[in-house]
Amino acid sequence: MVQKYQSPVRVYKYPFELVMAAYEKRFPTCPQIPVFLGSEVLRESRSPDGAVHVVERSCTLRVDAPRLLRKVAGVEHVVFLQKNVLNWRERTLHIEAHNETFASRVLVNENCSYTVHPENEDWTCFEQSASLDIRSFFGFESALEKIAMKQYTANVKRGKEVIEHYLQELIAQGTSHLPRWTPAPVREQDTHRQPGPQEPSSLEGAVIGSSPCLALEGVSTDGDKLDADYIERYLGHLTPMQESCLIQLRHWLQETHKGKIPKDQHILRFLRARDFHLDKAREMLCQSLSWRKQHQVDLLLQTWKPPVLLEEFYAGGWHYQDIDGRPLYILRLGQMDTKGLMKAVGEEALLQHVLSVNEEGQKRCEGNTRQFGRPISSWTCLLDLEGLSMRHLWQPGVKALLRMIEVVEDNYPETLGRLLIVRAPRVFPVLWTLISPFISENTRRKFLIYSGSDYQGPGGLVDYLDRDVIPDFLGGDSVVALEILEGESVITWDFDILRGDMVFSLYHAKQMPKLGPWEPGPRTSGQLIDKGWVLGTDYSRMEEPLVCREGESIQGSHVTRWPGVYLLQWQVHSPLGSVACSLPGVDDVLTALHSPGPKCKLLYYCEVLASEDFRGSMSSLESGTSGFSQLSAATSSSSSGQSHRSSLVSR
């Protein structure tokens, strides 16, 4: 089997003439490439005007292979023949190389080209392709193939570093610019003489016109080539062989696929799903493209409108992103009546909805890549299984679930970066036994399963989600935003602390809060509003933080002075006194997040009353008993005092 390699376009941000000067410094020896033992010029010729310079070299490379293989082959080094055609007029260098040693058993062909960048004439582009065909090699064909490709790709990376090294060396020596080639004055007698077939001037047309190097397409701006900087910026770090697989599969699609060419991120997912095995990835991608065309999946986000019942009762949605910048999707499967939904809307509608979620996930990944300035190719799913029971294991429902998993696995590989399964009940192992055989090993490795309250504290959700992103039903901060249109209104609240200790605060803001933008690195606070907001300028504290203990029932009210947005916030109480100081900046919040704490739960009710309706509600507000719960009758007297004082301070 012939192994092929194709590099992306690598860009040197230096003029062609300077890059050529750096390239020549690689010869006759190059200490920066240890396997390159040396070179010897065999033939050299120039055109009369000096525009074309042809050099043929013999290059000796050390065999970096196991001793047994070297002993069987009987050689310690191999010889390659290299032919360089440098055209100063066109500012191009084409390189052909092939092996002379073992040429009857092994064929290695390499083509390289240096050209001027199509958008910046002061930059230089480099491309490289190679093929390896091992016909026979003393029974070591497979071992030789692996060793050869490994060494070749290692030297590819090293080659760019060497050119950069010599460029910096030239600049350090004071050579930062070299003049471009200009034709020498033509003598009068030369204008009447035609070159013979063997004269050097005919060499330019013969060599360049017939050179296999010209099979390498020139770098263009129409998207037919991949730039190495683009790969690093939008696709992430890839090894040379992974880059080569991506370029080859992309080129194959451009030549054979009728219709829209998938985006590079999409192609790369299929390569990763098949461990960069080119043929397997090609087969998987082709089947998926046919499926997408048959079901018009490319138009799904524009055409799909979920049924009303599905919109109302499907307990899932997108929710900001995780700490790595991946889009976050939350699904409360245990809270869904899957049997009722399936009977009401049908299996196909549920499948279409799942597909729309995956399409939206890919779209959000692209948006986050642009927003955060680094490659984001997958999303995170937070799956809450509280409430999951045997009723969810209804046979037609499980069958439909398996079908959805199969469709997603076949057509959206490597889109799931992490699956956080929380509050897994005892029935979960039964469901897992049913579905796990249909999930690939690569996907299963991304699952993190927490039972009970194990998701709290170190090693839990706080390792993957910012505190302000964790939903309140999983112990995150709970905030109620009330928009007050009139200055004279009354906000009333009534809540019971069912579990754990909490801190209650009231704030006023001029505008509706939104989650601050994700930034690389650890977050130092539970950020619930814009990071640039300043206490006392953009928002104000209306009530002092109130520590509420488990079992207490709290009632209170606040007379508003200005229109705007009022924020009622409940936070998990920490022993650290400063944890609930303010919304945007709490010095010790990070410490608190990494300290295991009890799960908190509350039941609350709040209402906005017009000022003229307030007096009629005072008796119930100050009665000392919750208006909707009798769970904390034992603490009603102390709660009444706190509520009463809160009302007095507010007024």
Side-chain angles (χ1 to χ4, degrees), residues 471-473 475-514 526 528-529 535-536 538-573 580-583 600-651:
D472 53 4
F473 60 83
D477 297 337
S478 178
V479 174
V480 175
L482 302 174
E483 187 172 10
I484 305 298
L485 301 179
E486 301 177 2
E488 290 293 327
S489 299
V490 180
I491 301 173
T492 66
W493 54 81
D494 186 351
F495 59 88
D496 293 340
I497 307 299
L498 304 181
R499 187 180 302 170
D501 296 341
M502 307 195 78
V503 178
F504 173 70
S505 304
L506 178 67
Y507 298 89
H508 172 262
K510 298 177 181 179
Q511 58 186 4
M512 190 66 69
K514 61 181 179 179
L528 292 174
I529 58 177
L535 182 62
D538 300 290
Y539 70 104
S540 305
R541 183 184 295 116
M542 296 289 99
E543 296 281 353
E544 290 298 320
L546 177 65
V547 177
C548 310
R549 303 297 179 182
E550 181 176 333
E552 290 184 346
S553 180
I554 309 297
Q555 304 85 35
S557 62
H558 176 81
V559 179
T560 64
R561 300 179 183 179
W562 314 278
V565 178
Y566 287 79
L567 306 173
L568 285 72
Q569 181 195 43
W570 292 268
Q571 288 181 296
V572 177
H573 176 57
C581 291
S582 64
L583 280 175
C600 292
K601 191 173 184 180
L602 80 151
L603 186 65
Y604 71 85
Y605 175 81
C606 60
E607 185 178 7
V608 178
L609 302 174
S611 57
E612 60 268 19
D613 299 329
F614 176 64
R615 288 194 175 276
S617 304
M618 279 296 294
S619 58
S620 63
L621 287 172
E622 298 181 356
S623 64
T625 305
S626 170
F628 63 96
S629 175
Q630 300 294 331
L631 292 176
S632 29
T635 61
S636 60
S637 59
S638 63
S639 299
S640 174
Q642 292 170 342
S643 175
H644 182 69
R645 286 194 296 272
S646 175
S647 298
L648 291 178
V649 171
S650 301
R651 298 172 68 187

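Below, all heavy atoms of this structure are taken into account, side chains as well, without hydrogens, waters or symmetry copies.
To the nearest 0.5 Å, atom CD of residue Glu550 and atom CG of residue Leu498 are 8.5 Å apart. With values rounded to the nearest 0.5 angstrom, Asp496 atom CG is found 14.0 Å from Tyr605 atom OH. A distance of 9.0 Å separates CD of Gln569 from CE of Met502, quoted to the nearest 0.5 Å. Ile484 contributes atom CD1, which lies 5.0 Å from atom OG of Ser489 (distance to the nearest 0.5 angstrom). Once rounded to the nearest 0.5 Å, the distance linking CD of Glu543 with OG of Ser505 reads 9.5 Å.
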Starting from the C-alpha separation in whole Å, work towards a yes-or-no answer on side-chain contact (heavy atoms from CB on, under 4.5 Å) for Val490 and Val608. CA-CA 6 Å; Val490 180; Val608 178; over 6 Å; no
I would like to know whether Ile554 and Leu546 meet side-chain contact (heavy atoms from CB on, under 4.5 Å); could you show each step before the answer? CA-CA 10 Å; Ile554 309 297; Leu546 177 65; 4.1 Å; yes
So Thr492 and Leu609, side-chain contact (heavy atoms from CB on, under 4.5 Å) or not? Walk me through it. CA-CA 8 Å; Thr492 66; Leu609 302 174; 3.9 Å; yes
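In this structure, the side chains of Leu482 and Ile491 come closer than 4.5 Å at one or more pairs of heavy atoms. Here the side chains of Leu568 and Cys606 are in contact, with some heavy-atom distance below 4.5 Å. Under the 4.5 Å side-chain criterion, counting only non-hydrogen atoms from C-beta, His558 is in contact with Trp493. By the 4.5 Å heavy-atom criterion applied to side chains, Tyr566 and Met542 are counted as neighbours. Between Ser553 and Asp494 the shortest side-chain heavy-atom distance falls below 4.5 Å.
Judged by distance alone, with hydrogens and angles left aside, the side-chain atoms of Asp501 form no donor-acceptor pair with the main-chain N or O of Arg549 at under 3.5 Å. A donor-acceptor pair under 3.5 Å is absent between the side-chain atoms of Ser540 and the main chain of His508, judged by distance alone.
The two atoms that bring Pro563 and Leu485 nearest to each other are CB-O, 3.6 Å, heavy atoms only.
Using the six-membered ring where Trp is involved, Trp570 and Phe495 have ring planes that are perpendicular, over 60° apart on the 30 and 60° scheme.
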